[in-house]
Amino acid sequence: MIDYKSLIEKAYNAMQNSHSPYSNFKVGACVLTKNKKTYTGTNIENSSFGATVCAERVAINNAVASGEKDLLCLAIISSNNEYVFPCGICRQTMIEFSDTMEVVVAKSLTEYKVLKIKDLLPYYFSAKDIK
Ligand code: THU
């Protein structure tokens, strides 16, 4: 049983480190791996806007760089007290590592929805398509 609230809390804490002087929109993420490890991320913006990275990808990249590729669940929270849904690039990054992972979108530390990556990204492109 996944402790969603603990992932949301970790995402919330990571959000405090957001570097978002251009949008003033802070996002935090926390990913849980099969080995029960967690890795966090926050959005990191750049004055060259295209160099900006989302919180979700920072969290996933942290996990992968630490040798943890089996992702079970990723929680996301933002500073605007509304549900924030992952962008297309982040959905593609998630499904690269797991097509069964759960995505928790949180409005607050206690209000959240649990979604499935396949529902967020149907008809996806993946390694199976490259032969
Ligand atoms: N952002 C995320 O970190 N995750 C999302 O799912 C949506 C967007 C960030 C990128 C940028 O720093 C800011 O939010 C506004 O787009």
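First listed ligand is number 1; within each ligand, the first listed atom is number 1. Note that these values count all heavy atoms, side chains included, but never hydrogens, waters or copies made by symmetry.
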Which donor-acceptor pairs under 3.5 Å do the side chains of residues 111-124 make with protein atoms, sequence neighbours left out?
unit_1: Tyr124; atom_1: OH; unit_2: Asp99; atom_2: OD2; d: 3.1

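- Judged by distance alone, the side chain of Ser48 and the main-chain N or O of Ala51 form no donor-acceptor pair under 3.5 Å.
- Every protein residue with a heavy atom nearer than 4.0 Å to ligand 1 is included here: Ser23, Phe25, Val27, Asn43, Glu45, Thr52, Cys54, Ala55, Glu56, Phe85, Pro86, Cys87.
- More than 12 heavy atoms of other residues, nucleotides or ligands shown are found within 6.0 angstrom of CD1 on Ile2.
- Each of Thr93, Val104, Ile60 was checked for a side-chain contact (heavy atoms from CB on, under 4.5 Å) with Leu74, and the lone residue meeting it is Ile60.
- Qualifying side chain to side chain donor-acceptor pair (under 3.5 Å) partners for Ser66, counting only residues two or more places apart in sequence or in other chains: none.
- Residues satisfying the side-chain contact (heavy atoms from CB on, under 4.5 Å) test with Ser20, not counting sequence neighbours, are Ser18, Ser23, Lys26, Asn43, Glu45.
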